[in-house]
Amino acid sequence: MSTATLPHQLPKPVGRKVRLLRWLVRGYVLVDGMAAIAVVCGLAFWIALAIDWLLEPTPVTRVLMWLIAAIIAAAAARRYLVGPLTTRLTDTNLALLLERSFPDLKQGLITTVEAANRRQPSPTSNQSLLLHTSSAAEQALRGKSLSEVFQFGPILRKTTIAGALATSIAFFAFLQPEAFGFWLERIQLGEQPWPRRVQLSVMGFEETDGRLAVNVARDDDFELQVLASLLDDHVSPDLVEIRYRQPDGRRGRFPLTRIGDALVGRDESQLFRYEFKKVSASLDFDLVGGDDRVRDLRLNVVERPQIVRMLFECKFPAYLNRTPQTIPVSGRVEVPEGTEIVCRLESNKPLRSAHVHDPLGQVDLAAQLSEENRYEVTLPFQIDQEDRVLLITLLDTDGVENREPFRVIVGTVLDQPPEVAVQLRGIGSAITAQAKIPLSGTITDEYGVEQLWFEYRIDKNPPENQMLSSQPAGRRELSTFEHFDLSLTDQATNRPIVDVAPGKQFTLSLHARDSYDLDDQRQAGASQRFVLDVVTESELRALLEKKELALRQRFESIYEKTLGTRELLDRIQSPSNGPGDSSTDESAAERDRERDRLRVTGALQNVVQLSYETLGVADGMEDIVSELVNNRVNSEELTERLMQGIAEPLREIGGELMPELERRLQQLQSSFSEDATTGDQALSASKLQGDLVLDAMKRVLDRMLELESYNELVELLRGIVADQLEIQQETKQKRKEKLRSLLED
C-alpha cells in the first residue's frame, strides 16, 4: 500500500530567481512607463508650443488643447505604467517567462513551480521524480542571467527620446528664459501675444464677433493695406501673402505688393497692398508674413444703401392760396418759389448718418436721422428764386456708403408777372383831346390778378397812373373791355384830369399786378404802349376822310372784279348744247366744255376772294364810325350815311349775297357731270345772282360818291373857315403892329 508524503517544496535557489525576476519586471515596467509618459509630455510641450506660437489660440482653445494632451498622457500612463504595474505576476507566469527565455530548462522549472504551488501532498511514487526534476531545474538556472529575459532596445529608445525631450526643454529654459517664462504664462492662459520679429497690422478692419472684419459693398473694389512695423526691433518681411478659404472648401494664396522700401530709423512701417476687384461674395483669409500671422480676417460683402422712397411735403406761400401737398419724387421736381419743403426719404437699410450737399449754393443741408426709425431721414429746406440740387450720401450701419450721391433737382417755378394782351378797338393812331380810348383783350395770371391800372404819359413828361374803377380781386383770367376817357374832370376843381391838347403825343398802356408778396418787388405786367397823336376835330375828320377815300377806291376795284366775273359767266355756253355728229365736232365740244369748267372754277375763286374783301371794306367803314364816336366828333347824319348807307349794305353783300352766288356756282360746277337741264338752271341762277350782287354794289358805290361830294363840301367849308381864321389872325397882327408904331411916334 502507498504512503502519503508532505507537499513538494520549491528549492530556495529557484525561489530566489523567481522573486528577483518579479522585481526586475516591476522595475522594467516602471522605467518603461515613466519614459512613455515623459515622451508624451515632452511632445505635448513642443507641439503645444509650436501651435501656440504659430496660431496663438484663444484661452478656451488652449484649455481644450491641454485637456487633449492630458487625456493622451493619461492613456499612455494607463497603457505603459498603471496597467502593467497592477497586473498580478504569479510564480507560474514568471516560470513561463524563464522557460521562453531559456529553452534548455525543458519544462522542468514550470513543473517544479507548479508542484510547489500545489498545496496537496504527492504520491510516494512521484516524489522521487519531482525531486529529480527540481534538482535538474535548479542546476539549469545556475549561471543564467535574468537580464537576458528583457529586451532593452524599446526601453532604451523611449528613455533616450524622453531624455532628449527633457534636455531640449532644459536647454530652451536655459537659453531662452524670457521665451520660456512667457510660454509658462501662456500655459497659465495669459492673453498677451507672443513677441515676434515681424509685427503685421491691417488698416480699416474692426473687431466683430471676435474677429477682424470690414464691410465691402457688393461688386465694389477693396484695397487691403497692411503695415509691417519697423519700431521696437521689428523687421519687415520679404513677403506678405493672403491665404484664403471659401465656403465651398477651396483654398488659395496670393502675395501682397510691397510699396516702396521703408528704412529703419526713418520710417515707422513698411506698406504692403493688395486690391480685391469687384468683390461679390464674402471671403475669409489670414495674413502671413515672416513669423507673424494675422488670422480670421473677413471681407464681409453687404448691399449698398438705396433710397426706396422719397416724398416732398410742401407748404406753399400764403399768396398762392394752395393747400399743403405731398409730392412723390423720382429725380426732378418743380415747386413754386417760396415753398417750404420737408423731404422725407426711406432707405433699404438702417442708417448711421446722412449727408446732403447743395453744389450750386456750396452749402450743406441739415439732414435729421429719425431716432425711432433708422431707415428714415428728414430734410427741411426752403426754395428761393434759384434751383436747388441735392446730393444725398447715405452711410448705413455696416459703414457702407452709396457709390455715387443720389441727385435730386428741385426746380424753382418763379412767379411770372400777369400777361396783359389788349389792343385798341375803334380808335386809330390819332385822337382828339376829348376822346374815349377803348382797350379790349385778356389778362391772365397763374395765381390771380389783384390790381389793374392805366399808365399814361404826355410827350416826355413823367408817367402817371389811373386806377380802374373795378378790380379783378384775384381772378386768374379775365376778359376786359376798358375805356380811358380823356374828357373826365376833377369834381373838386372841375378841370380835366388829363390835360392834353392838340399837337401833343399821348402814350397809354394797361398794367396788372398779382398778389406776389415774397419781397418788396411786386410782379406787374403791362400791355404794349400805344402812342397816339392828339389832333383837332377837323384834322381827325381829314384823316378819316382819307381812310374813307382809300376804302372807296378799294371797293371800286372789288366792283370791277365782280363785273369781270359776271362777264365770265356770260361766256359760258349752255350745257344743253350737245356735240355734233362728226368726230371733229365732238372733240371741239369737249374742249369747249373743259374751257367752261375752268371759267366756272375761276369765277368761284373770284367770288370767294371778293366776299372777304367786301367784308374787309365793311369793317373799315365801321372802324371809321367807331373812331368818330370814340373821339366824340360824330354827327347823326354822318353816322347814318356811313352805317346804314354803306357799312350795313356791304356786310349784306359780303355775308349773304356773295355766299349765295358762291353756292350757285358750286351747283353749276357740279352740273357738268349731270344732265343738261340741271346745268342750264344752275347757269341761269348764277347769272341772276351775279346781277343782284352787282346792283347792290352799284348802290353802295353811288352812296360812297354822294358821301364824297358831301365831304368835298365839308372840306370846302373847312377851307373857308380856315381862311377866315387866317384873315382874323393877320388882321390882329396888323392892328398890333399899327398900335406899336403909334406908341413909338
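Fair warning: this is a prediction, and the values are worked out from it, not measured in the lab.
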Can you tell me if [X] uses its side chain to pair, donor with acceptor, with the backbone of [Y] under 3.5 Å?
X	Y	value
Asp387	Thr412	yes
Glu419	Gly525	no
Thr432	Asn631	yes
Ser611	Gly654	yes
Arg309	Pro328	no
Ser557	Gln553	no
Gln362	Pro359	yes

Can you confirm whether [X] sits close enough to [Y] that some side-chain heavy atom of one is under 4.5 Å from a side-chain heavy atom of the other?
X	Y	value
Phe506	Leu486	yes
Ile558	Val617	yes
Tyr559	Leu694	yes
Leu551	Ile624	yes
Arg344	Glu313	yes
Ile383	Ile341	yes

Charged N-O contact under 4.0 Å between [X] and [Y]:
X	Y	answer
Arg457	Glu464	no
Arg599	Asp596	yes
Asp485	Lys436	no
Asp691	Lys687	no
Glu556	Arg552	yes
Arg566	Asp570	yes
Glu537	Arg632	no
Glu662	Arg664	no
Glu648	Arg651	no
Arg663	Glu660	yes

Within the 6.0 Å centroid threshold, strictly below: Tyr456 and Phe530:
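Not under 6.0 Å, so no.
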Begin with the C-alpha distance, continue with both residues' side-chain angles, and end with the deciding distance and a verdict on salt bridge (charged side-chain N to carboxylate O under 4.0 Å, His left out) for Asp592 and Arg571.
CA-CA 11 Å; Asp592 291 341; Arg571 291 198 295 270; over 6 Å; no
Rounded to the nearest 0.5 Å, what's the gap from [atom1] on [X] to [atom2] on [Y]? Could you check?
X	Y	atom1	atom2	answer
Glu477	Asp445	CD	CG	11.0 Å
Ile443	His511	CD1	NE2	11.0 Å
Leu439	Ile427	CG	CD1	9.5 Å
Asp415	Asp514	CG	CG	4.5 Å
Phe555	Met697	CZ	CE	4.0 Å
Thr601	Leu568	OG1	CG	10.0 Å

Least distance between heavy atoms, [X] atom then [Y] atom:
X	Y	result
Val534	Ala501	CG1-O, 3.3 Å
Leu650	Met704	CD1-CE, 4.0 Å
Val335	Cys314	CG1-SG, 4.1 Å

Would the number of heavy atoms belonging to other residues, nucleotides or ligands and lying under 6.0 Å from [atom1] of [X] be above 12?
X	atom1	result
Arg595	CZ	yes
Gln434	CD	yes
Glu386	CD	no

Distance-only side-chain donor-acceptor flag, Thr444 / Thr442, under 3.5 Å:
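No, no side-chain donor-acceptor contact under 3.5 Å.
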Ignoring hydrogens and angles, state whether a donor on the side chain of Glu613 or Gln609 is under 3.5 Å from an acceptor on the partner side chain.
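Yes, a side-chain donor-acceptor pair sits under 3.5 Å.
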Full working for side-chain contact (heavy atoms from CB on, under 4.5 Å) between Glu337 and Asp384:
CA-CA 5 Å; Glu337 171 192 358; Asp384 297 324; 5.9 Å; no
Test log, rule salt bridge (charged side-chain N to carboxylate O under 4.0 Å, His left out), inputs Arg332 and Glu334:
CA-CA 7 Å; Arg332 177 182 175 87; Glu334 293 186 349; 3.2 Å; yes
Side chain to side chain donor-acceptor pair (under 3.5 Å) between Gln423 and Gln528, worked out
CA-CA 8 Å; Gln423 295 291 333; Gln528 70 179 87; 3.2 Å; yes
Assess whether side-chain contact (heavy atoms from CB on, under 4.5 Å) is satisfied between Gln325 and Phe312, documenting all intermediate values.
CA-CA 8 Å; Gln325 185 178 0; Phe312 276 5; over 6 Å; no
